[in-house]
Amino acid sequence: MSSGKPKKKPEPERTDDGRYIIVDGRRWRATDPEVPADTAARLRHHLMSARRAVGAARRRQDQTAEKAARRRVDAAKHALGERGTPWWEQSAGERRERWESGLAALEEERDRDG
């Protein structure tokens, strides 16, 4: 009998240096491991919301909304350290500034746009 809770996906394989994850044989930059867990969770929430918005805009064929949603996806990926300057090339202060300012911008946009 199922407990009703969704099963947690296993963690993806990582490269030995921890900088990348391997998904279906393809290498992707890993999230910055220094991002605090609560901040990373909030950023992932914004990322998934933006990805859903991209799909909805595409179904509506609304190019303006799609561009806005893709900008939010990009902002979340940058804040997580998955795009832009590699997190392992940034100082601790630069890394903290990246995720703090990225989260603040995403939440400000969410609050402004409803």
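Every value quoted in this text rests on a predicted model; they were computed, and no experiment measured them.
A distance-only check finds no donor-acceptor pair linking the side chain of T39 to the backbone of V35 [under 3.5 Å]. Side-chain N or O atoms of R27 include none that pairs as donor or acceptor with a backbone N or O of I22 at under 3.5 Å. Side chain of D62 to backbone of T64: a donor-acceptor contact under 3.5 angstrom is found.
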task: Check the pair R72, L106 against side chain to side chain contact (heavy atoms under 4.5 Å, CB included), reporting the backbone distance first and the verdict last.
output: CA-CA 7 Å; R72 289 182 14 239; L106 286 162; 4.2 Å; yes

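Paired with D32 under the rule side chain to side chain donor-acceptor pair (under 3.5 Å), one option of R96, R95, R19, Q90 passes, and it is R95.
Counting only heavy atoms from C-beta outward, the side chains of R42 and W99 never approach each other to under 4.5 Å.
When every heavy atom of S101 is checked against every heavy atom of E97, the shortest pair comes out as OG-O, 2.7 Å. The shortest non-hydrogen separation linking A30 to G18 is CB-O, 3.7 Å. Listed here is the closest heavy atom pair of A79 and G102: CB-CA, 3.9 Å. In plain terms, the two heavy atoms of R29 and P86 that are nearest each other are NH1-CA, 3.5 Å.
Between the CZ atom of R110 and the NE2 atom of H46 there is a distance of 5.0 Å, given to the nearest 0.5 Å. E107 contributes atom CD, which lies 8.0 Å from atom CG of L43 (distance to the nearest 0.5 angstrom). Interatomic distance, R70 CZ to R51 CZ, rounded to the nearest 0.5 Å: 10.5 Å. Interatomic distance, K77 NZ to E82 CD, rounded to the nearest 0.5 Å: 3.5 Å. Taken to the nearest 0.5 Å, the CD1 atom of I21 stands 8.5 Å off from the CH2 atom of W28. Remark: R83 CZ to D74 CG distance equals 5.0 Å, nearest 0.5 Å.
More than 12 heavy-atom neighbours from other residues, nucleotides or ligands sit within 6.0 angstrom of CD on E89.
Here W87 and Y20 keep their ring centres 6.0 angstrom or further from each other.
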